[in-house]
Amino acid sequence: MLGEPEKLRTHTIGEAFTLGEGSGVVLAGWVERQRDLGSLVFFRLRDRWGSIQVRVDESEDAAAHTAAASLRAEYVVSVKGHIALRPPEERKDEPGGDREVIPERITVLAEAKTPPFYITDETPADDTMRMQYRYLDLRRPPMVRAMEIRHRVFLALRQYLDSRGFWEIETPMLTKSTPEGARDYLVPSRVHPGRFYALPQSPQLLKQVLMIAGVDRYFQLARCFRDEDLRADRQPEFTQLDLEASFITREELFDLGEGAMAHIFREAIGAEVKRPFPVMTYTESMSRYGSDKPDLRFGCEIHDFTTAFTGTGFRIFAQALEAGGEVKGIFIPGAKPSRKDEDELGAFVRARGGGGVAVLTVAGSEVGGGIKKFVTAGTLASMREACGCTGKGAFLLMVGEPKKVLPVLGELRVHAAARFGVPKRDGWHFCWIVEFPLYEPDEETGEPVPAHHAFTSPLPEDRERLESDPLSVRADSYDLVLNGQEMGSGSLRIFEPELQRRVLRNLGMSDEVIGDRFGFLLNAYEYGGPPHRGFALGLDRIVALMAGFSSIRDVIAFPKTTSAQCPLTGAPSPVDAEQLAELKLKPTDGGK
Ligand code: ASP
């Protein structure tokens, strides 16, 4: 009888780290760092779980030595041998650093060309090169870790949500436009020439339909497509945890969301998240942090200094105050900006549309900075009182209409805190921001556009102003913010067809257009739509933070460049005339 076929591998390298001295193994993986010292050859063998040293001594095994001497980086090999402990002085303080493999047979399974960059922890090449050779980039340990974290997050979400009664349901990729404020990716229909599917910007409308269907608790790890001019860290397709639940209050939804966060941080990276998360209204967040995504890892909150400067001889402030402006500012503890720093802060503020920044430094009774001569002891005392700030540091002040000043101060707060080394608290600092405006003015036309999306419910007490003063209407909406970055958002949905029509009419849509685009949804609500709310969380961003990457590109296996191309496959690519003809599309000159 034939024996068992010999295995290509008996253990992963991770498993080999735990085996006793002398254990027999067959390991398989990629060769790195081969060093040929003559009668001794060393190389490391790497797989997804780690890497281990292989030592080949010519005097012990001439055949294995010959094989080892011919190896080159990234060859795929199988190594049969046994585990030996390295002499104490050669041990490395890393997983498996106390051991090596002594081979009796090395088999080359595949050869490799010289890779265009080394497979090391540090970023080895520019982004386009990394994406073009993604299969090499993904062999790098930080990328392996990111993929693992991503997997653990997805798994943990599924477990958690299942335990809370949620069902995972897929909604179609070929669908009707689901507006989230971006352009759609369109797919032409061959069977219905001249008609198009849209790839979903989110599963928003269909998850609403699922609530009408009585599903009650739905989630999906949903791919979303948005054709936007890609700013710094956007991807045309990205993944959200999308969920929706019927008959629940905002507080119940927050409890669920916080539970999910705590669970994934524990499962994926062993971190504890402090709950409950603070809840702040949009208005409060703007006035305290000048931002709807406040970084709560440090203070330097915005304060009002209008009273302190009322009636002072500081002309620029006096004039602005007379014109109805207010003085807002932050105190950066420990900072002592130089003249040059002041210029730089001024340029920072002006680049964001601010008029300028007034700087006052204080150290005991000594004051300095650009506006020193306008600040009497009395003014300083009122300033300190206004913000409760004692000790050394710098006041950075702006004057004007709060709506304009606050966002700039918000950015200045983050910039100056980093610039002057304000310490940040460690860990994961979440908060919920609630009650955003329902609409915001369009940047070009000033007309209302949805601040979240058009299916978000206005707060009941603001509904009567929907037509008369739409921009003042607040929504039952919320964002989840983590360490100064927006992670996700959601809202109570409109479940009354007439209210939905009113909200859509404000966007300039006629009843006919509303019927065309959203008739199916409005109809569905005619058959008994429960109150429901939901949420979507950007999984790429959260995994990037967990894995310590600043770009979401690093935690997506096959991302696209900032110009929406895939350097690995060459997508998007031209199609031939026949394919276009089948779709009844006319070839163009490709925009040339
Ligand atoms: N559909 C929304 C989004 O993608 C999230 C939500 O309201 O659930 O941002």
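Small disclaimer: the values here were computed from a predicted structure and weren't measured. Ligands are counted one by one from 1 in listed order, and the atoms in each one are counted from 1 as well. Starting from 1, each residue takes its place in the sequence as its number.
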Extract all N/O-N/O pairs under 3.5 Å that connect ligand 1 to the protein, and present each with both atom names and the distance rounded to 0.1 Å.
from, atom 1, to, atom 2, distance (Å)
ligand 1, 1 (N), Glu180, OE2, 2.7
ligand 1, 1 (N), Ser202, OG, 3.3
ligand 1, 1 (N), Gln204, OE1, 2.6
ligand 1, 4 (O), Arg226, NH2, 3.0
ligand 1, 4 (O), Gln240, OE1, 3.2
ligand 1, 7 (O), Gln204, OE1, 3.3
ligand 1, 7 (O), His452, NE2, 2.9
ligand 1, 7 (O), His453, NE2, 2.9
ligand 1, 7 (O), Arg493, NH1, 2.7
ligand 1, 7 (O), Arg493, NH2, 3.3
ligand 1, 8 (O), Gln204, OE1, 3.4
ligand 1, 8 (O), Lys207, NZ, 2.7
ligand 1, 8 (O), Arg493, NH2, 2.7
ligand 1, 8 (O), Phe535, N, 3.4

If you look only at distance, which donor and acceptor atoms sit under 3.5 Å apart when one is on a side chain in residues 422-437 and the other is two or more places apart or in another chain?
from, atom 1, to, atom 2, distance (Å)
Arg425, NH2, Leu296, O, 2.8
His429, NE2, Asp426, O, 2.8
Trp432, NE1, Glu258, OE2, 2.7

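Distance CG/Leu466 to OH/Tyr439: 5.5 Å, rounded to 0.5 Å.
Qualifying side-chain contact (heavy atoms from CB on, under 4.5 Å) partners for Glu464, counting only residues two or more places apart in sequence or in other chains: none. Scanning for side-chain contact (heavy atoms from CB on, under 4.5 Å) contacts around Phe117 gives Ile119, Pro124, Ala125, Met129, Tyr133, Leu136, Asp137, with sequence neighbours left out.
A cation-pi contact links Arg413 to Phe298, judged by a cut-off of 6.0 Å to the six-membered ring centre and 45° from its axis. In this structure, Arg533 is not positioned above the aromatic face of Phe535 in the sense of NZ or CZ being under 6.0 Å from the six-membered ring centre and within 45° of the axis.
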